[in-house]
Amino acid sequence: MLKATLRSFLAHKGRLLLSALAVLLSVAFVTGSLIFSDTVSRTFDRLFASTAADVTVSPKEDLDEAVPSGRTATLPAALAERVRQVDGVAAARAEVDVDGLTVVDEANEPVGPTTGAPTLGTAWNPTERSPVELTSGHAPRGDGQALLDSETADRKDVRIGDTLTVIAPPGSFEVRVVGIATFTTTNPGAALVFLDPSTAPTKLLGSPRAATGISVDAADGVTDEQLKQRVAAALGAHTYDFRTADEQAKSDVEQLGGFLDVIKYVMVGFAGIAVLVGVFLIVNTFSMLIAQRTRELGLLRALGADRRQVRRSVLAEALLLGLVGSTLGLAVGIGLAAGLIELMGLLGMNIAADEMVIGWVTPVTAYVVGLGVTFVAAYLPARRASGVSPMAALSDAEVAGVGRPLRVRAVAGAVVGAAGAAALVGCAVSERTSSAASLLGLGVVLSLIATVIAGPLLVRPVIRVLGAAFPALFGSIGRMSQRNALRNPRRTGATAAALMVGLALVGGMSVASESMTASFDQQIDKTLGADFVIQNTNFLPFPKEVTDEVRGTEGVGLLVRGRFTPVAVRLPDGDRVETTAAGYDPRLDEVANITYVQGDSAAALANGHLAMDRDFARDHDVRVGGTVPVEFPGGRRAELTVGALTDQDAAEGFGTQGGLYFGLATLERYAPGGQDSALYVNAAPGTSDKNLRANLERTLDPYPQVQVRDLADYKQLVHDQIAVLLYLVYALLGLAIIIAVLGVVNTLALSVVERTREIGLLRAIGLARRQLRRMIRLESVVIAVFGAVLGLALGLVWGVCTHEVLALQGMAALAIPWFTIVAVVIGSAVVGVVAALLPALRASRMNVLAAIAHE
């Protein structure tokens, strides 16, 4: 049996190749994501571990800043002197590190990275742990001098002697580049500007007595933990945060973890799609191979092989396929990880490819995924093969399921489908976002399973409709192609399912994204009343001088500032909710249309008051006139009176939980030092919008990071952000289509082999090569369009239910992307034509006499 299994596998290696490609893609994405994330994690572990001080003292921050406030937490620089007096301290330095700077050259072009990495300003305090070393020029001395990192200098063609303008929180200032510093470790992609330690606090923090942290070196014989305890005792354990080198490195890695997780989850998503679609392909391949080997399997049974041996033989072939696919997938995954590392290099994050980390978990995962996918996919065909009787050797019987009743599928599909429909209906009528989202996920999974199970039941009615025009358009060739697709509903359903999965995802996400876009457009039209909104390109806050310049611009009639801060609110029902609150100037009503349920803007923005969303207030038993304790950054606390309740949608309150906002006077009292994140500007009487925009753009010319946007620009900004999600979905679609094409090619190729004698007879009675190719192409097209119709129908249901979840967050507009749907159906027909090219060509080249004599 072992010899027979090996010979069977090698005899069908060409037919199994396409299935192996599906396994290869699945394994490649899994292993590539593991290798890439392990390599980046190891690289940054070493970076942070090698650069962290023995003990770091930093300001105590209890609130996570989900939305940038522009506030830099500081502590007194004089603490460094107190720390130096602590027993066991070898050295202590006041550090100044500020991110979110903008640096421009003499042509007013940004010097920093444009890929999302920060531009950092820091004091030049070189130590043996520094990630950079001075390689040319000299250290900055006094006011007006700076160092620049070598990679930024090379990328932007900055040389020693050039003048740069640094736009920092306290204001702008010019520096002359007097030296270049080169990274000795991995550059995380940031641009670094180093200033003289004596001027850095004033320039970057606005105070010569401020610092962002204290770095402490331990004396010989003193452990980091001992030093931490001594420094904490000297300064007050609850006053600041104290971390050892290991704790600081771990904290830095956790902050980076979000970025790495996004990449990992995206690649795992690709792997998941590849695995799911690959299962359909492998099931179909083995089902057809077993159908074609009915007599061979019957002969094995007649010679003495029992059911278990036949089942083991088929599963062994599947495991050989998985072994080959996993091995090749592991190799491709290594290449994929190397490509990602090179891509990160182009984006400014330099990771050495020769330091690629391939841990033992990676190959184990590769083979578990590859072998597991093929084993699971081949199990049902293997069980079917074990049911072949010895008498099948004497007949032309098949076990592919042709003509077998579909009653079991009908019952199973109906039960699972009913459960899925109930979950989706529950999602649509639910009034809580969390329960609606859970029911949506359950409904998507169950409805997908039900459609896959019941797919063969839909083949005959749907394909009869889809192919109804074939006889009229293509005559007898069209009729035969339609009947070929109807011949084996199980095979047609399984082949179409691979394409259906990808298109269902695309349909659902397209409806969701189109609805989000329409909802935001609707809410922006409803809410935004300002002529122009001024914001940073990447939504980071900007220095006060930008606000002052805009306020002094000719034609500006009204300017309302918007600012953010993290807060924690303790509510009457006992919950403590961390969220982001906004602060606005008093004349907010003139630039925004806010719907108040109780109170008004005057009450909301009064000193010591705040406003919140009605639903949030109801859920937590908050009433107008009541007070709520609010925690601000730096440990400040206040009892604020609820002045107003609003009926907010997603676009209002910037979608933050609770929709909290108050007056800028309240914000500046309890969270000073923040920066404006948005300016809402109305034109003065007699000034046209066109003239005001031109004046504002001239004013903001020295600040390239700040943009002037009107209503249309603001909408486009939202559209572009949502489009990023769609690009990911389309990439998943592309992967699903690639594997689905492999599935259609495999099915048609095996079908051609199965129908060799039939094709020979058709050719003998006059069917031309061109007609034969057309028949196979039409069969492929109708199968592909069938998969597209099922997928899009399912996706539309998912999309509408997703919209119901979004509506609970205020995104109430439902939009169906009909153009995308029509384009996908047309594209599916093209996919069918492309998938049929090779099988049709092979069929047309058969020798007629040899085909007729084929057994």
Listed partners of Thr362 passing side-chain contact (heavy atoms from CB on, under 4.5 Å), at least two apart: Thr31, Leu34, Ile35, Asp38, Leu330, Ile358

Would you name the heavy atoms of Ala468 and Pro471 that are closest together and state the gap between them? O-CD, 3.3 Å

Test your reading of the model: is there a side-chain donor-acceptor pair from His803 to the backbone of Ser515, 3.5 Å cut-off? no

Nearest 0.5 Å, please: how far is CE in Met516 from NE2 in His719? 11.0 Å

Determine which pairs satisfy side-chain hydrogen bond (donor to acceptor under 3.5 Å, both in side chains) with at least one residue from residues 363-378, sequence neighbours left out, and list them in order. Thr327-Tyr367

Residues which pass ring pair (Phe, Tyr, Trp, His ring centres under 6.0 Å) with Phe786, listed by chain and number, not counting sequence neighbours: none

Gly329 to Val27 - nearest heavy-atom pair and separation: C-CG1, 3.8 Å

Please step through side chain to side chain contact (heavy atoms under 4.5 Å, CB included) for the pair Leu762 and Met480, ending with a clear verdict. CA-CA 11 Å; Leu762 288 172; Met480 285 191 293; 4.0 Å; yes

Output a table of donor-acceptor pairs, distance under 3.5 Å, between side-chain atoms of residues 816-834 and any protein atom two or more places apart or on a different chain; print 'none' if there are none.
{"unit_1": "Ser828", "atom_1": "OG", "unit_2": "Val824", "atom_2": "O", "d": "2.8"}

Can you tell me how far the CD1 atom of Ile453 sits from the CG atom of Leu448, to the nearest 0.5 Å? 10.0 Å

Note: Val459 and Pro489 closest approach over all heavy atoms is CG2-O, 3.5 Å

Hey, can you pull the donor-acceptor pairs under 3.5 Å for the side chains in residues 789-802, sequence neighbours left out?
{"unit_1": "Trp798", "atom_1": "NE1", "unit_2": "Ser447", "atom_2": "OG", "d": "2.8"}
{"unit_1": "Thr802", "atom_1": "OG1", "unit_2": "Trp798", "atom_2": "O", "d": "2.8"}

Rounded distance (nearest 0.5 Å) linking atom CD of Gln716 with atom OG1 of Thr517: 10.0 Å

On a heavy-atom basis, which atom in Val805 and which in Cys427 lie closest, and how many Å separate them? CG2-SG, 3.5 Å

Is it true that, when you exclude Leu838 itself, more than 12 heavy atoms of the residues, nucleotides or ligands shown sit nearer than 6.0 Å to its CG? no

For the side chain of Ser513 and the backbone of Ser510, is there at least one donor-acceptor N/O pair under 3.5 Å apart? yes

Give, for atom CE of Met356 and atom OG1 of Thr39, the distance between the pair rounded to the nearest 0.5 Å. 5.5 Å

Could you walk me through whether Leu761 and Ile765 pass the side chain to side chain contact (heavy atoms under 4.5 Å, CB included) test, one step at a time? CA-CA 6 Å; Leu761 289 171; Ile765 62 175; 5.8 Å; no

To the nearest 0.5 Å, what is the distance between CG (Leu505) and CE (Met500)? 10.0 Å

Which residue pairs pass the ring-ring contact (aromatic ring centres under 6.0 Å, His included) test when at least one of the two sits in residues 324-344, sequence neighbours left out? none

Side chains of Asn484 and Glu758, heavy atoms from C-beta outward: is any pair under 4.5 Å? yes

Does some side-chain heavy atom of Val781 sit less than 4.5 Å from a side-chain heavy atom of Val785? yes

Shortest non-hydrogen contact between Ser519 and Ala813, atoms and distance: OG-N, 3.0 Å

Please test Met846 against Arg763 for side chain to side chain contact (heavy atoms under 4.5 Å, CB included), starting from the C-alpha separation and ending with a verdict. CA-CA 9 Å; Met846 283 184 182; Arg763 293 277 287 115; over 6 Å; no

Candidate pair Arg774 and Glu779, rule salt bridge (charged side-chain N to carboxylate O under 4.0 Å, His left out), full reasoning: CA-CA 9 Å; Arg774 180 179 297 168; Glu779 179 183 350; over 6 Å; no

Above 12 or not: heavy atoms from other molecules or residues under 6.0 Å from CZ of Arg770? no

Is the side chain of Gln482 donor-acceptor paired with the backbone N or O of Arg479 at a distance under 3.5 Å, no angle test? no

Rounded to the nearest 0.5 Å, what's the gap from CZ on Arg773 to CG on Leu767? Could you check? 10.5 Å

If only atom types and distance count, is the side chain of Thr492 paired as donor or acceptor with the main-chain N or O of Ala485 below 3.5 Å? yes

Evaluate Ser481 against Phe474 for side chain to side chain contact (heavy atoms under 4.5 Å, CB included), listing each step before the verdict. CA-CA 10 Å; Ser481 65; Phe474 305 103; over 6 Å; no

If you take all heavy atoms of Ala764 and Ile852, which pair is closest and at what distance? CB-CD1, 3.8 Å

